[in-house]
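Okay, so here's the structure we're looking at.
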Amino acid sequence: MKKIRSGYIAIVGRPNVGKSTLLNRLVGEKISIVSRKAQTTRHRITGILTNDDAQFVFVDTPGFQTKFSNALNRAMNRGVTQTLNDVDVVLFVVEAGRYDAKDKSVVRLLPKDRPVVLVVNKTDQLKDRNALLPFLATVSADFDYAAVVPVSAAKGKQTDDLLAEARKHLPNEGLMFPEDDLTDKSERFLASEYIREKVFRLLGDELPYATAVEIERFEVEGALRRIYAAIVVDREGHKAIVIGKGGESLKRIASEARQDMERLFDGKVYLEIWVKVKSGWNDDERLLKSLGYE
Ligand SMILES: Nc1nc2c(ncn2[C@@H]2O[C@H](COP(=O)(O)OP(=O)(O)OP(=O)(O)O)[C@@H](O)[C@H]2O)c(=O)[nH]1
């Protein structure tokens with residue numbers, strides 16, 4: 001039997017390349033949020049996969065942002081750099097057939113002193129398989145990657161190869177966490193992520209990214225959890241969108257988020273959500289910190 005190895009792994013890449021999908025595929029539980037819209041992963045989320053010979057502790061980084069320069073994006077980029085200085089292996093994800101300035105700006109953040117595995121995701125979308133090899137050659141010319149692994153996170157293709165590659169670089173012997181730990185994030189944090197995911201899923205096209213969720217109270221009574229949450233938007237107009245006609249949208253957000261939470265927490269959830277307006281919140285570093293962004 002092989003020895004158990006363990007270590008920290010970060011997943012980085014431009015928005016929308018499939019980092020959350022990959023994490024969910026590897027860890028096998030819904031602990032990170034996946035959204036069609038870019039820029040929804042603003043918190044570090046840790047998932048843990050334990051198998052026969054390894055324990056992978058994933059640190060999902062905030063989406064890298066180059067487009068706007070405000071406090072939120074500065075905080076996000078700082079998060080990426082901090083995370084990369086904190087892990088044993090970095091998985092840098094690009095999309096098969098797409099590699100441009102936005103990916104290269106992430107390459108510039110890659111650490112020189114630790115292994116970086118290039119993950120070429122969405123191979124299922126490739127129309128011309130012959131284009132893959134030249135593409136891999138182009139991308140790998142820009143950095144000294146420890147390995148290159150094409151995968152499809154959505155279809156679960158070659159993700160085992162990726163784990164085998166990552167395992168080679170795990171430094172510790174034995175487990176770092178108890179076997180069934182899926183995440184070191186609190187239920188409180190996960191509750192806010194679920195609500196935020198629903199907001200993006202249901203209203204993503206109508207709302208700008210400036211939406212946050214605050215959990216104001218989280219009470220546990222036996223198997224029942226009472227959760228009181230606020231969706232924070234930065235304009236009155238956005239408040240009206242979140243609430244929707246006759247409160248329809250907010251009702252749906254609450255009902256779907258509650259169902260997810262009941263599944264995850266394995267118990268009944270009483271969920272109350274309201275909408276608050278905080279003007280300009282995404283350009284105020286102090287407020288960001290109070291909402292849990294770094
Ligand atoms: N066809 C295909 N689509 C994928 C694959 N992996 C992810 N996607 C899709 O790509 C989109 C973005 O995926 P996410 O996992 O949210 O991407 P992300 O990199 O975490 O995005 P941010 O949170 O914005 O940084 C979603 O619509 C996924 O369903 C894949 O292997 N194949």
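This chain uses plain numbering: 1 for the first residue, then up along the sequence.
For the atom pair CZ of Arg258 and CD1 of Ile273, the computed distance is 10.5 Å after rounding to the nearest 0.5 Å. To the nearest 0.5 Å, atoms CD (Glu173) and NZ (Lys3) are separated by 4.5 Å. Considering CG of Leu271 and CZ of Phe218, their distance stands at 10.0 Å, rounded to 0.5 Å. Distance CD/Glu95 to CG/Asn16: 7.0 Å, rounded to 0.5 Å. If you take OG on Ser20 and CD on Glu197, they are separated by 9.5 Å, rounding to the nearest 0.5 Å. Note that the CG atom of Leu91 and the CD1 atom of Ile9 stand 6.0 Å from one another [nearest 0.5 Å].
The backbone N or O of Ala54 sits nowhere less than 3.5 Å from a side-chain atom of Arg167 that would complete a donor-acceptor pair. For the pair Asn121 (side chain) and Val17 (backbone), a donor-acceptor distance under 3.5 Å is present. In this structure, the side chain of Arg5 does not engage the main chain of Gln55 through any donor-acceptor pair within 3.5 Å. The backbone N or O of Pro150 lies less than 3.5 Å from no partner atom in the side chain of Thr123, so there is not a single donor-acceptor pair. Formation of a donor-acceptor pair under 3.5 Å by the Glu216 side chain with backbone atoms of Tyr228 is not found in this model. Between the side chain of Arg25 and the backbone N or O of Ala154 there is at least one donor-acceptor pair closer than 3.5 Å.
In this structure the side chain of Lys19 reaches within 4.5 angstrom of the side chain of Ile11, judged on heavy atoms. The shortest side-chain heavy-atom distance between Asp260 and Lys198 falls under the 4.5 Å cut-off. No side-chain heavy atom of Phe135 sits under 4.5 Å from any side-chain heavy atom of Asp128. The side-chain heavy atoms of Val93 and Val12, taken from C-beta on, include no pair separated by under 4.5 Å. With contacts defined as side-chain heavy-atom distances shorter than 4.5 Å, the pair Val149/Leu118 does not qualify. Counting only heavy atoms from C-beta outward, the side chains of Leu203 and Ile253 approach each other to under 4.5 Å. His169 has its side chain out of reach of Asp88: every pair of non-hydrogen atoms, C-beta onward, lies at least 4.5 Å apart. Annotation: side chain of Tyr99 is in contact with side chain of Lys104 (closest heavy-atom distance under 4.5 Å).
The minimum heavy-atom distance between Asn172 and Gly7, with the atom names listed, is ND2-CA, 4.1 Å. Heavy atoms only, all atoms of each residue included: Pro111 and Val90 are closest at CG-CG2, 3.9 Å. Closest heavy-atom contact between Ala229 and Ile195: CB-CD1, 3.6 Å. Residues Ser6 and Gly174 come closest through the heavy atom pair OG-O, 2.7 Å. Of all heavy-atom pairs between Phe92 and Asp103, the closest is CZ-O, 3.8 Å. Ser152 and Thr159 make their closest contact through O-CG2, 4.3 Å (heavy atoms, listed as atom of the first residue, atom of the second, distance).
Ion pairing between a basic and an acidic side chain is recognised when a charged N comes within 4.0 Å of a carboxylate O; Asp100 and Arg14 show such pairing. A salt bridge links Lys278 to Glu214: at least one charged side-chain nitrogen sits closer than 4.0 Å to a carboxylate oxygen.
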**OP:** Check the pair Glu262 / Val269 against side-chain contact (heavy atoms from CB on, under 4.5 Å), numbers first and verdict last.
**Re:** CA-CA 6 Å; Glu262 291 189 334; Val269 169; 3.7 Å; yes
**OP:** Check the pair Gln158 / Leu162 against side-chain contact (heavy atoms from CB on, under 4.5 Å), numbers first and verdict last.
**Re:** CA-CA 7 Å; Gln158 276 180 267; Leu162 178 59; over 6 Å; no
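Both cation-pi conditions hold for Arg226 and Tyr270: the charged atom is under 6.0 angstrom from the six-membered ring centre and inside a 45 degree cone around its axis.
Within 6.0 Å of the NZ atom in Lys245, the count of heavy atoms belonging to other residues, nucleotides or ligands does not exceed 12. Enclosure of atom NZ in Lys276 by more than 12 non-hydrogen atoms of other residues, nucleotides or ligands within 6.0 angstrom is indicated. The neighbour count for Arg252 CZ, taken as heavy atoms of other residues, nucleotides or ligands under 6.0 Å away, does not exceed 12.
Follow the hydrophobic side-chain contacts under 4.5 Å out from Met261 and you reach Val220 in the same cluster. Cluster annotation: Val139 is connected to Val148 through the hydrophobic network of ILVMFWY side chains, with a link wherever side-chain heavy atoms come within less than 4.5 Å.
Partners of Lys239 according to the side chain to side chain contact (heavy atoms under 4.5 Å, CB included) rule, which considers only residues two or more places apart in sequence or in another chain, are Val233, Glu236, Ile243, Val275, Val277.
Using bins of under 30°, 30° to 60° and over 60° for the plane-to-plane angle, the ring pair Tyr145/Phe143 lands in the tilted bin.
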